[in-house]
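Inspection log for the structure reproduced underneath, given as structure tokens.
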Amino acid sequence: MTVQGDETGRREQVLAVAEQLVIARGSLNVSLNAIAEELGVSRSLLYVYFDSVPQIIDALFFEQALRLDQLVKQMRDQHSDFRPRMLGLFHGYLQHLVERGHLIHLVLRERHQDSPLQPQSSRLFRRILLIIARDVSCELQLAPRGAFVTLELLAAIPEALARLVRSGAVDVAVAMSTSERLLAAALDAMEVREA
């Protein structure tokens, strides 16, 4: 891979290569040397754009969190009803994971002291989770902790299906329809019914 001439293009190439390496390895344990080697440039050139691998990981995470934030806003604008809003949100999440991989999971599973996230990225991600969790808490009449647990359980469906798609075991269309059916059934089962 050759580095483009413009500064923005170079920075984006560094990010793209770092993301490919992280996803391929299933680990945040990549080095500036590996990124430089993949790009066909010297390691010193990478310092023009980033000071360290954690800074690169944070930039990737922030970019993905911004996309998820836009998805949440879009679903809230498009759907006033909870069920279609949640189904649309998880559909978009599955699409995101299929296209971009599980970088967010790799970052979030790091122990707190080892997290590469800067405060801005952490705040953005926490805000996204709080918006969705409040929605789940209100609509399903759950305590905040129960809403977070429910979100984690529901998110496991698109996450598992995205892994199957990325490995080639399942077609995207099959994953999308399976995710929608499973999520719809789960939401129906949790729906608060009037007594």
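- Between E38 and V14, every side-chain heavy-atom pair lies at or beyond the 4.5 Å cut-off.
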Q118/F62 under side-chain contact (heavy atoms from CB on, under 4.5 Å): CA gap, chis, key distance, verdict | CA-CA 9 Å; Q118 295 298 309; F62 188 74; over 6 Å; no
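- The 12-atom threshold is not exceeded at CD of E37, counting heavy atoms of other residues, nucleotides or ligands nearer than 6.0 Å.
- By the 4.5 Å heavy-atom criterion applied to side chains, I131 and R127 are counted as neighbours.
- No path of Ile, Leu, Val, Met, Phe, Trp and Tyr side chains, each step under 4.5 Å between heavy atoms, connects Y93 with V149, placing them in separate hydrophobic clusters.
- Separation of atoms CG (L154) and CD (E159) is listed at 10.5 Å; rounding is to 0.5 Å.
- No donor-acceptor pair under 3.5 Å is formed between the side chain of S179 and the backbone N or O of M176.
- Looking at every heavy atom in both residues, L87 comes nearest to E180 through CD2-O, 4.1 Å.
- Between F61 and F125, the distance separating the two ring centers is shorter than 6.0 angstrom.
- Between F50 atom CZ and I35 atom CD1 the span is 9.0 Å, to the nearest 0.5 Å.
- Look at E63 and R100 and you find a salt bridge, because one of the NZ, NE, NH1 or NH2 atoms lies within 4.0 Å of a carboxylate O, short of that distance.
- Note that CG of L106 and CD1 of I57 are 8.5 Å apart. Values are rounded to the nearest 0.5 Å.
- For I132 against L151, the heavy-atom pair with the smallest separation is CG2-CD2, 3.4 Å.
- Minimum heavy-atom separation, I56 to A18: CG2-CB, 3.5 Å.
- Comment: D69 engages K73 in a salt bridge, judged by a side-chain N to carboxylate O separation of less than 4.0 angstrom.
- The cluster map of Ile, Leu, Val, Met, Phe, Trp and Tyr, joined by side-chain heavy atoms under 4.5 Å apart, puts V48 and V17 in the same cluster.
- To the nearest 0.5 Å, the span separating CD1 on I23 from CZ on R166 amounts to 5.5 Å.
- Pairing each heavy atom of S122 with each of L117, the nearest pair is OG-CB, 3.6 Å.
- The 12-atom threshold is not exceeded at CG of N29, counting heavy atoms of other residues, nucleotides or ligands nearer than 6.0 Å.
- Taken to the nearest 0.5 Å, the CG atom of D135 stands 12.5 Å off from the CG atom of L130.
- Counting only N and O atoms by type, the side chains of Q55 and Y49 include no donor and acceptor under 3.5 Å apart.
- Of the charged side-chain nitrogens involved, none lies within less than 4.0 Å of a carboxylate oxygen, so that R83 and E139 do not count as a salt-bridged pair.
- In this structure, L39 CG and L32 CG are separated by 11.0 Å, a value rounded to the nearest 0.5 Å.
- The aromatic rings of H105 and H102 sit tilted, their planes meeting at an angle between 30° and 60°.
- The shortest non-hydrogen separation linking L97 to A162 is CB-CB, 3.5 Å.
- Tracing side-chain contacts under 4.5 Å through hydrophobic residues (I, L, V, M, F, W, Y), one reaches V174 starting from L94; they form part of the same cluster.
- What you find for L183 and P158 is that their closest heavy atoms are CD1-CD, 4.5 Å.
- The main-chain N or O of G146 is found under 3.5 Å from a side-chain atom of T150 such that the two form a donor-acceptor pair.
- Side chain to side chain, Q64 and H96 meet the donor-acceptor criterion of an N or O pair below 3.5 Å.
- Counting only heavy atoms from C-beta outward, the side chains of D58 and Q120 never approach each other to under 4.5 Å.
- Linking Ile, Leu, Val, Met, Phe, Trp and Tyr residues whenever their side-chain heavy atoms come within less than 4.5 Å leaves V136 and L153 in two separate clusters.
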